[in-house]
Amino acid sequence: MALSQSLLRAIPTCSFLSLSSSLPSTLQRLYPSPFKLFEFAASKFSCIGYYYSSLPLPLDHNFDNNNNLYYTFEPEAYYTSLLSKSTHKSFLNQIHAQLFTFGLQNNGYIITKFIHVGSNIGEIVYARKIFDEFSDPYVFLWNAIIRGYSSHNMFHEAIDMYNNMQEAYVSPDCFTFPHVLKACSGLSAVKFGQAVHAQAFRHGLESDVFVQNGLVTLYTKCRKIELARIIFDRLVERNIVSWTSMISGCAQNGQPIEALRIFCEMRKLNVEPDWIVLVSVLRAYSDAEDLEQGKCVHSLVMKMGLEYEPDLLIALTAMYSKCGQIMVAKLLFDLMEVQDVILWNVMISGFAKNGHASKAVELFQKMLMRNIRPDSVTVQSTILACAHVGSLDQARWMDNYVYNSKFRDDICVKTALIDMYAKCGSVELARKVFDQSIHRDVVLWSAMIVGYGLHGRAREAIDLFNMMKSAGVHPNDVTFIGLLTACNHSGLVKEGWELFHSMRLYGIEPRHQHYACVVDLLGRSGHLEKAYNFIQNMPIEPAVSIWGALLSACKIHRHVKLGEYAAEKLFSLDPLNTGHYVQLSNLYASTRMWEGVAKVRVLMKEKGLTKDLGYSMIEVNGKLQAFRMGDKSHPRSEEIYKELEILERKLMEAGFVPDAESALHDLDTEDKQVSLCNHSERLAIAYGLISTPPGTTLRITKNLRACVNCHSATKLITKLVNREIVVRDANRFHHFKDGFCSCGDFW
DNA sequence: CTAGGGTTAG
């Protein structure tokens, strides 16, 4: 008696395995057959037995006169408590076996609990087995299994089960729909989601707040923000989840201002925010780049005592980083005790986006040293950082890391690698990664096409596009951006024009960038009037990129009047962007309209704008070296300038005449002749020449667009010193070789 | 037994 009672008391805390060993070994020897053992234990101790396994039977059971087992305990309470302590499949198995002993295998309450626990501990396959063994499942069981699948992101399975449920003529209830809707949201399945919506309506559940919130999420995730809005507006009893769904929905759909308006509305109604809604609000402020309001949320967080909520701190870090306060973000990062991967991801992508790309890569390496496991997003962000840095050596290092990691078959990572190689100047290595990818989605194809576009290799881009279509992959808007850019960079006007007009055949509505490409395409080839008319007939309001494309075309073809018009639009739409002023000034200078140049200079001064300083970077022996114009800070400066002189002499001997026009564009230099051969690009080339073996390709990255003068000089240099030079400017790649450039002098 | 968030490739 004492033994059995102490065993039972031990159930909640003790593992069943140790219980098994506490069974007297004499019993095991005397009664080897499980049933005999059970019978013995039951009769001798009248309260406990063993059956097949080490799991003890509950206290209150006995045999009737016909030797049938019966129980007097509360099975539902008993097994609920037992199940809630189960963390392993083997325990569940033992409990399930015991249910048969008492004929409880069809107790819906207990089996529902089984399915919940099974899926909670990640044994969804086991949960499904239990479900399938239940003879006539009713709504609770269906809900449990659908929940199991949708909480494991197995959305197709969840929806399959929902369909099976209907085929079994079981009516869904208000608990069914949230799970099914989550599955629809996860798959962005609008059509099916709408059908579910209709069914919820038919079952009279459309006013249930859980169902409504599920619908709001469904429609925002499917980018049907207006539909979400209708549901939200009709909600009578909004709870904090309703508000959060709508606020984050707007933020996710590129409407941060609207998201924040709704948040204000919520506060006016005195709805107390919780930390989850604040995370969404912070995202909206980051997207709106509203640092001041973001800071207000920070103080609200402190006031509410939520500053110890790790995920909220991560959101704050992301907000500071997106608002350009990377150092504040770093401060929070350093102060934080939790070392969540997402926190590292925020910091790495923050560095990458804020012009500290090499710091991002350093952080990644630090993370590896600290044995914090990167996830796919970490790797993608780091690869993106490498793409910003532009170092081919670093790109190779990253590729090698991926190859030896579990991410080598991750399609997103592969896409990032393709983009990285293209941006680091090697479209060939990008293609190699592409060729080695077995699964190719539209994003991967597009990355390769965009890569070709960047390098002005329109033929390859179009060939790839055709291959993609034959592979049955449907193009999207980005595919066309790649194609159109490729045509631009190679001057393929006819092809570009046709591709643009084929977009709608693929069901793709052109966006600003596409229109900008066409304006660029027409403008570059000298069809300025046509470009202008094209803009006039656009179905959407022309944005900055479109006027920018027109202005640069006007600059190439020296069309002052139209250029001034475009510049006017640009100054009002984007008044603080220095680039537009420089472009207009360049246009005036190219037509020798000095009053115009002076006017622009005054305009810039009034607004307190200064021309961006140019710099170029070159990588030698894995080390990046940056040069500014006239830079003398390098330890080998003397040698560099000596090499520069030699180059200049060779250029002159070869009949190179510095382009006076280009010199005149330089607003800020007095001595134009010197400034030309002083350009950062030349310094980088000179340094590259003296520090690498003959024949090595030089790879240079610069922050501005290539200037006319350096461009023609570089062409000639490749011939004179017999080297290839690859230059990445702010816009595209130039591959210089044998006196020619891959851009065909279109840029 | 139910619903909401943050990092992310072209």
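Labels below follow one simple rule: chain letters A, B, ... track the order of the sequence lines, proteins then strands, and each chain is numbered from 1. Just so it is clear, the values below take in all heavy atoms, side chains as well, and ignore hydrogens, waters and symmetry mates.
Of the side-chain N and O atoms in S381(A), none sit less than 4.0 angstrom from OP1 or OP2 of dT7(B). Using a 4.0 Å cut-off, some side-chain N or O of R283(A) falls inside it from OP1 or OP2 of dG6(B).
Using a 4.0 Å heavy-atom criterion, one finds that D410(A) contacts no nucleic acid atom at all. Residue contacts shown for T112(A) are absent, as no nucleic acid heavy atom lies under 4.0 Å away. Nucleic acid contact for D419(A): sugar-phosphate only, since backbone atoms but no base atoms lie under 4.0 Å from a heavy atom of the residue. Base engagement by W275(A) is indicated by at least one non-hydrogen atom pair under 4.0 Å involving a base atom.
In this structure, the nucleotide among dA9(B), dG10(B), dA3(B) sitting nearest to the side chain of H179(A) is dA3(B). The side chain of R147(A) has dC1(B) as its nearest neighbour among dA9(B), dC1(B), dG6(B). Out of dG10(B), dT2(B), dG4(B), the shortest distance to the side chain of L384(A) is found at dG10(B). For T217(A), taking side-chain heavy atoms from C-beta onward, the closest of the listed nucleotides dG6(B), dA3(B), dG4(B) is dG4(B). Set against dG4(B), dG6(B), dT2(B), the side chain of F210(A) has dT2(B) as its closest nucleotide. Out of dG10(B), dT7(B), dG6(B), the shortest distance to the side chain of D340(A) is found at dG6(B). Of the candidates dG6(B), dA3(B), dG10(B), the closest approach to any side-chain atom of V443(A) belongs to dG10(B).
Between the side chain of N239(A) and the base of dA3(B), at least one donor-acceptor pair of N or O atoms lies under 3.5 Å.
Within residues 251-260 of chain A, the residues having any heavy atom under 4.0 Å from DNA chain B are, by residue number, Q252(A).
Between F175(A) and dC1(B), a base-stacking contact is recorded: ring centres under 5.5 Å apart, planes less than 30° from parallel.
Residues S280(A) and T244(A) bring no donor and acceptor atom of their side chains to less than 3.5 Å of each other.
The aromatic rings of F192(A) and Y162(A) stand perpendicular to each other, their planes meeting at an angle above 60°, with 30° marking the opposite boundary.
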